[in-house]
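In what follows, a single structure is set out as structure tokens and then discussed.
This is a predicted model, so every value here is computed, not measured.
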Amino acid sequence: MGDELKPLIVGVIDEPDLKSAQLAKKDGADVLEARLDLWGLSLEDTRRFLLKLKRIGLEIIGTNRWELEGGRFKEDEEARIEFLIHMLDILDYVDIELECGVRDDVIRKAKEQGVEVIVSCHNFELTPDEDELSMIVSRMKACGADIGKIATMVNDLHDCLRLFELLLDSPMRLSVITMGELGRHARVIAPIYGSALNYGFVREAVAPGQMSVGEMKRLLNVMAV
Ligand SMILES: O=C1C[C@@](O)(C(=O)O)C[C@@H](O)[C@@H]1O
């Protein structure tokens with residue numbers, strides 16, 4: 001991943017379209033997130049498109065998000081995981097949910113193939129209190145995540161502050177994502193506090209309050225991060 005301290009901008013590729021990926025790179029994305037659950041392709045077509053995506057020259061995160069945390073993969077859990085595992089040889093990072101029942105199998109297989117593991121946790125309703133947030137980070141660390149990722153809904157500005165403190169005190173590489181309109185500004189502040197991966201859209205927002213890759217890059221440049 002290069003300089004580990006550098007906050008990275010992740011361009012979310014929400015459809016199998018190379019032009020979006022090229023635009024993400026041009027606008028300043030450091031990494032691409034392949035949202036396999038949003039592509040709606042067969043396993044073979046997904047592999048084919050991922051191989052094309054690789055030629056863009058950026059590292060790729062594979063995410064096949066389950067519906068429980070905002071994803072749209074249509075088949076059952078077994079198929080979702082099989083899909084993800086079939087892509088590991090093409091990916092640089094894999095995103096797996098902390099609460100996934102076969103999380104540890106996915107982590108083991110990813111590590112066997114030299115793929116970095118992002119263990120994620122989303123809450124579309126609220127930002128938990130400090131103790132619960134710390135507990136989530138401890139669980140992410142304990143299961144062997146290379147990067148932990150916590151995306152929560154911001155209902156009060158104190159929610160952002162708790163997430164920033166979590167970053168400052170984190171015992172591991174961590175990303176926090178402040179969802180919702182009230183959290184929008186903090187999506188570009190979080191990298192300053194050390195958030196490892198910072199997600200922006202190319203075409204349209206795929207999560208509440210998300211900014212585009214270009215907006216994020218420009219704002220980070222203004223703040224000289
Ligand atoms: O977990 C995240 C963060 C995200 O939900 C966001 O709010 O920017 C976007 C997703 O694509 C990604 O997997």
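- Across Arg65 and Ser120, no two heavy atoms sit closer than the pair NH1-OG, 3.3 Å.
- Distance check, rounded to the nearest 0.5 Å: CG of Asp169 to OG of Ser134 gives 8.0 Å.
- Qualifying side chain to side chain contact (heavy atoms under 4.5 Å, CB included) partners for Asp14, counting only residues two or more places apart in sequence or in other chains: Leu38, Arg203, Glu204, Val206.
- Side-chain N/O atoms of Glu59 and Tyr93 include a donor and acceptor closer than 3.5 Å.
- Annotation: Arg72, atom CZ; neighbour count of heavy atoms from other residues, nucleotides and ligands within 6.0 Å does not exceed 12.
- Residue Glu165 places its CD atom among 12 or fewer non-hydrogen atoms of other residues, nucleotides or ligands, all under 6.0 Å distant.
- More than 12 heavy-atom neighbours from other residues, nucleotides or ligands sit within 6.0 angstrom of CD on Glu112.
- Aromatic ring orientation, Tyr193 versus Phe164: parallel (interplanar angle below 30°, classes split at 30° and 60°).
- For the atom pair CD (Gln113) and CG (Leu88), the distance works out to 5.0 Å, reported to the nearest 0.5 Å.
- Once rounded to the nearest 0.5 Å, the distance linking CG of Asp17 with CD of Gln22 reads 8.5 Å.
- Taking all atoms of both residues into account, the shortest heavy-atom contact from Asn198 to Ala190 is OD1-CB, 4.4 Å.
- Taking every heavy atom of both residues into account, Ile147 and Ser175 meet most closely at CG2-OG, 4.2 Å.
- Judged as a side-chain hydrogen bond (donor to acceptor under 3.5 Å, both in side chains), and not counting sequence neighbours, the contacts of Arg35 are Asp37.
- Applying the side-chain hydrogen bond (donor to acceptor under 3.5 Å, both in side chains) rule to Glu77 yields the partners Arg80; only residues at least two apart in sequence or on another chain are considered.
- The line from CG of Asp146 to CD1 of Ile107 is 9.0 Å long, rounded to the nearest 0.5 Å.
- Across all non-hydrogen atoms, the minimal contact from Val117 to Val119 is CG1-CG2, 3.8 Å.
- With no hydrogens or angles considered, a side-chain donor-acceptor pair links Thr63 and Glu33 at under 3.5 Å.
- Closest approach of Arg162 to Thr127, counting heavy atoms only: NH2-O, 3.0 Å.
- None of Leu36, Ile81, Asn64, Leu84 except one satisfies the side chain to side chain contact (heavy atoms under 4.5 Å, CB included) rule with Phe73; the exception is Asn64.
- Side-chain atoms of Thr152 and Asn123 form no donor-acceptor pair, as typed in the model, at a separation below 3.5 Å.
- Closest approach of Arg187 and Met211 over heavy atoms only: CD-N, 4.3 Å.
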